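Notes to accompany the following structure.
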Amino acid sequence: MSSLQPLKGTHDLMFDDIRRHRLVEETAFEVASRYGFSEIATPVFEFTDVFKRTLGDTSDIVTKEMYTFETKGGDSITLRPEGTAGVARAFISGGLAQQTPLKFFYRGPMFRYERPQKGRQRQFHQIGAEILGVPTPQADVEVIALAAHVLKELKLTGNVTLELNSLGDIESRAAYRDELVKYFSARKDQLSQDSRDRLERNPLRILDSKDPGDKAAVADAPSFTDHLNELSRDFFKAVQDCLAAQDIAFKVTPALVRGLDYYGHTAFEFTTDALGAQGTVLAGGRYDGLIKQMGGPQTPGIGWAAGIERLSMLLSDLPPAKRPIAVIPIGEEEAKIALDITAKLRHAGFTVDMGYSGNMGKRMTRANKIKAVVALIIGSDEVRDGVATVRNLDTGDQVKVPFADLARHLSGHR
RNA sequence: GCGGGUGUAGCUCAGUUGGUUAGAGCAUCUGGUUGUGGUCCAGAGGGUCGCGGGUUCGAGUCCCGUCACUCGCCCCA
């Protein structure tokens with residue numbers, strides 16, 4: 001069974017792949033900081049209950065996609081499949097109720113036992129943001145504005161659109177749910193097998209089915225918008241007005257629903273047409289009941305998460321990596337001096353690479369391969385004169401520069 | 001969990017109706033140039049044809065199984 005392959009649905013990240021990841025994470029965190037979010041890092045595993053109690057017993061994530069196992073101590077623990085539950089748990093166990101409102105940004109790996117495909121891995125990475133303790137639409141709008149800002153800053157290729165919906169409060173949702181079940185039950189024969197199952201488990205999910213038969217049935221289904229009570233309707237309107245006021249374009253999509261049970265009121269998704277079946281690039285919503293449900297004080301919350309792999313695929317060209325300075329000694333004694341120069345330049349803030357072995361030709365080839373800007377050639381003549389030959393690797397021009405003047409001479413390449 | 005596609009050199013791929021020593025480009029290494037790379041020229045190394053079984057005088061090629069990757073369903077970020 002053991003093999004030298006990575007496990008299904010996992011990947012090694014290196015070179016440009018990890019640079020893309022970093023770019024997404026760092027851009028997002030930088031923007032989030034401007035909005036007053038601070039970083040939180042919760043453990044990658046939690047007691048299984050943390051996820052079981054929050055995600056809802058009917059969600060596929062809980063029923064078949066969690067990496068759950070027993071520890072040597074006999075506890076059932078689970079590798080986190082998403083980030084919000086951990087943040088909510090930290091809020092409760094850390095006694096943070098006194099410090100609301102709180103704004104958290106997080107990043108890190110998540111785990112779901114799914115069949116991999118494009119934009120879907122078993123270990124994947126998310127960035128996410130949460131606002132805890134703010135019941136008003138301002139929080140919804142700030143969190144969406146942050147999301148839009150992050151996506152804009154990443155300069156994604158293709159079209160990304162914001163879809164928005166309201167899932168109403170508990171009362172509205174229960175009423176609508178009953179209505180939907182009644183409607184679809186009467187048309188059961190038109191529905192796909194999947195949707196017949198959903199009728200029991202999660203009828204709202206039928207609304208965003210891709211099955212053509214389902215779509216036909218959905219077309220005339222009662223609309224959620226018509227079933228929102230006054231409070232929910234006002235809330236939704238306030239969110240929309242405020243987004244419009246901030247020039248954030250959105251499309252109200254009545255079929256937009258959430259997979260996880262803890263969402264209510266605002267639900268939103270940024271989607272793209274560039275990723276095949278996995279078109280959702282960032283998604284979130286309001287979860288006012290979550291923290292109470294987990295055993296904490298009643299605390300409203302709203303947040304989103306985005307898949308770094310999906311965002312990475314939409315990144316246009318990476319900015320070029322920093323080009324190093326290559327130090328090339330010729331001879332043993334010269335290598336010692338070169339090492340000293342290398343160290344001094346590094347401490348002075350330069351990016352410097354000195355190869356480990358090889359004659360000059362090999363070292364030049366290597367300098368070329370690592371895309372060095374200049375090569376500092378240090379041979380016996382140079383050591384005798386106290387200079388380094390500084391060769392510009394793009395133009396081929398070379399000049400001799402006294403050791404003491406190197407930092408100043410190279411300052412443009414820092 | 002269900003359905004489709006693909007597995008040949010480090011990478012991208014070609015390989016005729018089954019036929020004898022399995023090819024190319026890129027990459028790598030060596031030499032031309034032992035203190036000058038990126039260009040050029042010459043040469044070299046590198047393959048259990050994913051794995052197992054079957055059909056056949058003969059299988060990279062056909063059949064069955066299996067594993068991996070991939071796309072879609074489902075689910076979701």
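Numbers restart at 1 for each chain; the letters A, B, ... are given by sequence-line order, proteins then strands. What you see is a predicted model, and the numbers here were worked out from it, not measured in a lab.
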Inset, instruction - For A:Glu130 and A:Thr84, test the side chains for any donor-to-acceptor distance below 3.5 angstrom and give the result as yes or no. - result: yes
Nearest whole Å is fine: how far is [N] [atom2] from [X] [atom1]?
X	N	atom1	atom2	result
A:Glu114	B:A77	CD	C1'	10 Å
A:Arg122	B:C69	CZ	C1'	13 Å
A:Asp397	B:G38	CG	C1'	14 Å
A:Gln121	B:C76	CD	P	17 Å
A:Ile127	B:A77	CD1	C1'	10 Å
A:Ile328	B:G35	CD1	C1'	10 Å
A:Phe15	B:C11	CZ	P	14 Å
A:Asn359	B:U34	CG	P	9 Å

Does OP1 or OP2 of [N] have a side-chain N or O of [X] closer than 4.0 Å?
X	N	result
A:Arg205	B:C76	yes
A:Lys118	B:G72	no
A:Lys369	B:U28	yes
A:Gln126	B:A77	no

Is any N or O donor-acceptor pair between the side chain of [X] and the base of [N] shorter than 3.5 Å?
X	N	result
A:Arg310	B:C76	yes
A:Arg115	B:C73	no
A:Arg120	B:C74	yes

Assigned partner base of [N], Watson-Crick or wobble definition, under 3.5 Å:
N	answer
B:G72	B:C2
B:A22	none
B:U16	none

How would you label the contact of [X] with the nucleic acid (heavy atoms, under 4.0 Å): base, sugar-phosphate, or nothing?
X	result
A:Lys64	nothing
A:Glu382	base
A:Gly396	base
A:Leu393	base
A:Ile377	base
A:Gly119	base
A:Glu65	sugar-phosphate
A:Arg363	nothing
A:Ala367	nothing

For atom [atom1], what is the distance between [N] and [M], given to the nearest Å?
N	M	atom1	value
B:U36	B:U70	P	46 Å
B:U16	B:U61	C1'	10 Å
B:A24	B:C62	C1'	26 Å
B:G60	B:G43	C1'	29 Å

Legend entry - Row check, A:Tyr183 ring normal vs A:Arg187 NZ/CZ: under 6.0 Å, within 45°: yes
Inset, instruction - Determine, step by step, whether A:Arg286 and A:Asp140 satisfy the salt bridge (charged side-chain N to carboxylate O under 4.0 Å, His left out) criterion, reporting the C-alpha distance in whole Å, the side-chain angles of both residues, the deciding distance to 0.1 Å, and the verdict. - result: CA-CA 7 Å; A:Arg286 184 167 270 281; A:Asp140 304 55; 2.6 Å; yes
Inset, instruction - Please answer whether the main-chain N or O of A:Thr42 pairs with a side-chain N or O of A:Arg80 as donor and acceptor at a distance below 3.5 Å. - result: yes
Legend entry - Note: A:Asp353-A:Arg346 ion pair, threshold 4.0 Å (strictly below):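 Salt bridge between A:Asp353 and A:Arg346, a charged N being under 4.0 Å from a carboxylate O: no.
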Inset, instruction - Kindly give the heavy-atom pair with the smallest separation between A:Pro329 and A:Met354, and that separation in Å. - result: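 Smallest interatomic distance, heavy atoms only, reads CG-CE, 3.7 Å.
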Legend entry - Shortest side-chain distance from A:Thr365, nucleotide among B:G37, B:G3, B:G35: B:G37
Inset, instruction - Indicate the ring-plane relationship of A:His149 and A:Tyr35, choosing parallel, tilted or perpendicular according to the 30° and 60° boundaries. - result: perpendicular
